[in-house]
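Comments concern the structure below.
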Amino acid sequence: MIKFIVVGYRRSDLTPEQLRRYFREVHGPLAAAIQGVRGYVQNFVEPDERRHPPWDVVVEFWFDDREAMERAWSSNEGRRATEDNANCLDLDRTRWSVVDEIVVLGR
């Protein structure tokens, strides 16, 4: 299993609530439709008096392996979801990475 993480910054013309709604109603279904995605989680920053992260959302994807991930991104559904990022995210600030997930304590 391989994991792909997106640290997302919302576009400046969207409120946190608008970003969350857009992800739930539009972007999430596009991402969930990508063939080969084994898991998909959206993590939205919650208001907190002591912590003020500059990002708005962390998205996690799981794939069987790197080849499956690359096939997924190059599929029609993968391209459609990738192109939709510009509708809700500040792409100059948003970052993506393949990570080696090591679970120390399960859920």
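Below, each value reflects all heavy atoms present in this structure, side chains not excepted, and no hydrogens, waters or symmetry copies.
- For the residue pair Pro54 and Arg93, the shortest heavy atom distance occurs at O-NH2, 4.0 Å.
- In this structure a side-chain-to-backbone donor-acceptor pair under 3.5 Å is present from Asn43 to Val58.
- When hydrophobic clusters are built by joining Ile, Leu, Val, Met, Phe, Trp and Tyr residues whose side-chain heavy atoms come closer than 4.5 Å, directly or via intermediates, Leu91 is grouped together with Val59.
- Around the CD atom of Gln35, the shell of radius 6.0 Å holds no more than 12 heavy atoms that belong to other residues, nucleotides or ligands.
- Rounding to the nearest 0.5 angstrom, the gap separating the CZ atom in Arg11 from the SG atom in Cys88 is 7.5 Å.
- With values rounded to the nearest 0.5 angstrom, Arg66 atom CZ is found 4.5 Å from Ile2 atom CD1.
- Here the CZ-OH distance, from Phe4 to Tyr40, works out to 12.0 Å after rounding to the nearest 0.5 Å.
- The hydrophobic clustering, which links ILVMFWY residues whose side-chain heavy atoms are closer than 4.5 Å, places Val7 and Val57 apart.
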For this session: Begin with the C-alpha distance, continue with both residues' side-chain angles, and end with the deciding distance and a verdict on side-chain contact (heavy atoms from CB on, under 4.5 Å) for Val41 and Trp62.
Result: CA-CA 9 Å; Val41 175; Trp62 288 267; 3.6 Å; yes
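- Separation of atoms CG (Leu30) and CG (Asp84) is listed at 5.0 Å; rounding is to 0.5 Å.
- Within the 4.5 Å cutoff, no side-chain heavy atoms of Tyr9 are placed close to those of Asp92.
- Closest of all the heavy-atom pairs between Leu14 and Arg10 is O-NH1, 2.6 Å.
- The residues Glu46 and Arg20 are annotated as salt-bridged, a charged nitrogen and a carboxylate oxygen being separated by less than 4.0 angstrom.
- The shortest distance between side-chain heavy atoms of Leu89 and Phe23 falls below 4.5 Å.
- Considering CZ of Arg38 and CG of Asp65, their distance stands at 9.5 Å, rounded to 0.5 Å.
- Looking at every heavy atom in both residues, Met69 comes nearest to Val98 through CE-CG2, 3.6 Å.
- Panel note: side chain His27, backbone Arg24; no donor-acceptor pair is recorded below 3.5 Å.
- Gly8 approaches Thr94 most closely through the heavy-atom pair CA-OG1, 3.7 Å.
- For Val45 against Trp55, the heavy-atom pair with the smallest separation is CG2-O, 3.2 Å.
- In this structure, Asp90 CG and Asp56 CG are separated by 9.5 Å, a value rounded to the nearest 0.5 Å.
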Problem set entry | Derivation and outcome, ring-ring contact (aromatic ring centres under 6.0 Å, His included), residues Phe61 and Trp96 | CA-CA 11 Å; Phe61 290 93; Trp96 297 262; over 10 Å; no
